[in-house]
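To keep things clear, I will list the structure first and then write my remarks on it.
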Number of protein chains: 2
Amino acid sequence: MSKELTRRRDLIAATIREIGERGTLGVTVGQIAKRAGVSPGLAFHYFGDKEALFLAAMRTILRDYGRDVRAALGAASGPRQRLDAVIDANFADSHFRDGAVAAWLNFYVLAQSSGEAARLLALYHRRLHSNLMHDLRPLAGASAESIARRLAALIDGLYLRFALTRHDVDAGAAADEVRAALDAALVATECHEPRRAARS
Amino acid sequence: MSKELTRRRDLIAATIREIGERGTLGVTVGQIAKRAGVSPGLAFHYFGDKEALFLAAMRTILRDYGRDVRAALGAASGPRQRLDAVIDANFADSHFRDGAVAAWLNFYVLAQSSGEAARLLALYHRRLHSNLMHDLRPLAGASAESIARRLAALIDGLYLRFALTRHDVDAGAAADEVRAALDAALVATECHEPRRAARS
DNA sequence: TCATTAATTGACCCGTCAATCAATTTTGCC
DNA sequence: GGCAAAATTGATTGACGGGTCAATTAATGA
């Protein structure tokens with residue numbers, strides 16, 4: 001039984017690394033199995049088919065992400081610190097390591113045609129949104145909803161850009177950009193009522 | 001000779017639609033050719049291989065995007081109006097129509113392993129950035145650079161989210177979000193350091 | 001020790017698909 | 001009409017990859 005868990009873990013890790021290396025979900029199950037030091041048949045034995053293996057890998061990535069966020073929140077106190085923690089967690093090294101980036105990109109593609117992938121993606125969206133809302137509400141009141149939407153999209157967009165720009169992937173800089181946007185949004189709501197958005 | 005142009009156009013249109021329908025670059029050249037009302041061989045005759053066909057399709061999408069932006073800018077006057085125009089153009093219907101969304105997602109995946117795709121993507125990034133900078137400089141001065149980076153990422157992130165969320169793809173709402181972010185950024189810079197109007 | 005079960009292998013099947021190419025049709029031209 | 005060049009076909013090839021499965025090996029335990 002613990003043998004099975006080990007195998008599953010190994011295969012999932014191999015899936016992420018292999019996709020990360022080749023950049024595409026078009027890697028073969030054989031390549032993944034080989035990297036896991038296992039025969040191709042075993043991957044099918046444990047996961048059924050290739051898509052299920054990939055989705056298991058994404059579930060692992062999302063679980064790790066959730067763990068990181070929770071850990072960061074645990075060490076923070078007060079709305080602003082907690083928001084910073086969420087932002088930092090979204091650009092933690094673990095999200096750029098291995099093949100997480102490539103996995104995410106392929107995940108987006110798959111989410112268009114796979115109901116399960118779409119479900120998982122929606123889960124991520126909901127989690128991020130509710131994490132932001134929790135600490136944005138006390139700071140921005142009625143504007144919280146709109147700010148949360150913007151921050152979430154900004155996080156995704158920055159992740160995309162930083163991930164796809166070969167040269168220097170400095171995750172810290174991305175987190176700073178989000179913080180700057182958050183500052184601007186908060187200052188703006190305090191300073192003066194935005195005409196188009198909700199009032200604070 | 002104009003026959004060739006017609007064929008190329010048809011094949012490119014078919015590529016975008018086919019990818020849009022299936023969601024993946026994993027469509028076969030045969031399917032694309034069939035949709036274009038042409039034999040598979042012809043696609044290879046004109047484009048060489050599948051990747052070249054797809055990149056030609058992306059070049060078309062980017063060219064259309066550039067055209068939209070230029071048209072919108074032509075009808076605008078003053079920095080703020082021009083920024084609004086750029087933002088609107090980025091969420092014009094044409095970017096969501098057909099298979100543009102699916103093409104973009106697969107383009108991101110390909111940009112990881114194809115130099116040409118990466119080059120094209122960088123071109124898009126540069127264009128967007130310089131469009132934003134042109135009219136942000138007079139409005140935000142020294143903050144322009146950072147605001148432009150944030151707006152560009154926000155645009156990408158919102159596009160992703162709106163594209164991947166089946167239910168309500170209201171592009172206008174996305175544009176409003178970007179405008180709200182722009183307002184906040186400008187208000188924030190004004191509040192922070194009440195400054196004289198710009199240099200350019 | 002040996003029998004039973006679980007884990008694992010890897011050869012194999014079968015469909016698929018990118019790419020080729022010889023053959024055929026169409027076009028353009030005199 | 002008739003001829004050369006261009007356009008187009010679609011059958012074919014060769015490789016490849018997902019998934020299966022019968023056979024083999026390891027673990028368990030009495």
Side-chain angles (χ1 to χ4, degrees), chain A residues 1-58 99 102-103 106-107 109-110 113-117, chain B residues 1-58 99 102-103 106-107 109-110 113-117:
Chain A
M1 264 307 162
S2 92
K3 201 65 175 297
E4 169 167 353
L5 282 187
T6 303
R7 291 303 195 202
R8 293 186 103 104
R9 251 200 299 273
D10 289 350
L11 279 165
I12 285 173
T15 301
I16 298 172
R17 280 203 217 97
E18 195 69 21
I19 291 179
E21 209 155 277
R22 320 247 174 186
T24 167
L25 189 44
V27 295
T28 75
V29 176
Q31 288 165 341
I32 292 170
K34 188 173 182 182
R35 185 177 277 254
V38 127
S39 81
L42 207 63
F44 291 100
H45 175 68
Y46 282 129
F47 291 95
D49 63 19
K50 192 184 176 182
E51 183 176 316
L53 172 55
F54 176 63
L55 287 176
M58 282 310 303
N106 284 279
F107 182 51
V109 169
L110 189 64
S113 60
S114 152
E116 178 61 10
Chain B
M1 264 310 159
S2 91
K3 202 65 175 296
E4 169 166 354
L5 282 187
T6 303
R7 291 305 195 199
R8 294 187 102 104
R9 250 201 299 273
D10 288 351
L11 280 164
I12 285 172
T15 301
I16 297 172
R17 279 202 219 99
E18 196 69 22
I19 291 178
E21 209 155 276
R22 320 245 174 187
T24 168
L25 189 44
V27 295
T28 76
V29 176
Q31 289 165 342
I32 292 170
K34 188 172 183 183
R35 185 178 278 255
V38 127
S39 81
L42 206 63
F44 291 99
H45 174 70
Y46 281 128
F47 292 96
D49 62 20
K50 192 184 175 182
E51 184 175 316
L53 172 56
F54 176 62
L55 286 176
M58 282 310 303
N106 284 280
F107 183 51
V109 169
L110 190 64
S113 58
S114 152
E116 178 62 9

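Residue numbers begin at 1 in each chain, while the letters A, B, ... track the order of the sequences.
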TODO: State whether R7(B) places a side-chain N or O below 4.0 Å from either non-bridging phosphate oxygen (OP1 or OP2) of dT8(D).
DONE: yes

Task: Contact list for DNA chain D against residues 29-46 of chain B - heavy-atom distance below 4.0 Å - done: V38(B), S39(B), G41(B), L42(B), H45(B), Y46(B)

TODO: For the pair K50(B) (side chain) and G26(B) (backbone), establish whether a donor and an acceptor sit closer than 3.5 Å, ignoring hydrogens and angles.
DONE: no

Task: Nearest-angstrom distance from the residue atom CZ of R22(A) to P of dC16(D) - done: 13 Å

TODO: Mind calculating the distance between NZ (K50(B)) and P (dA19(C)) to the nearest angstrom?
DONE: 8 Å

- [ ] Check the distance between dA7(D)'s P and R8(B)'s CZ and give it to me in whole angstrom.
- [x] 11 Å

TODO: Could I get the full list of side chain to side chain contact (heavy atoms under 4.5 Å, CB included) partners for E21(B), not counting sequence neighbours?
DONE: R35(B)

Task: Nearest-angstrom distance from the residue atom CD of E4(B) to C1' of dA5(D) - done: 14 Å

TODO: May I ask you to test the L53(A)-I32(A) pair for a side-chain heavy-atom distance under 4.5 Å?
DONE: yes

- [ ] Indicate the atoms forming the closest heavy-atom contact of A43(B) with L11(B), along with that distance.
- [x] CA-CD1, 3.8 Å

Open item on the list: Output the rounded distance in Å from CG (L11(A)) to P (dA7(C)).
Closed with: 14 Å

Task: Gap between atoms CZ and P, on F54(B) and dA19(C) respectively (whole Å) - done: 15 Å

Task: Minimum heavy-atom distance E4(A)-Y46(A), with the two atoms named - done: CG-CE2, 3.6 Å

TODO: Flag the pair I19(B) / N106(B) as yes when at least one side-chain heavy-atom distance between them is below 4.5 Å, and no otherwise.
DONE: yes

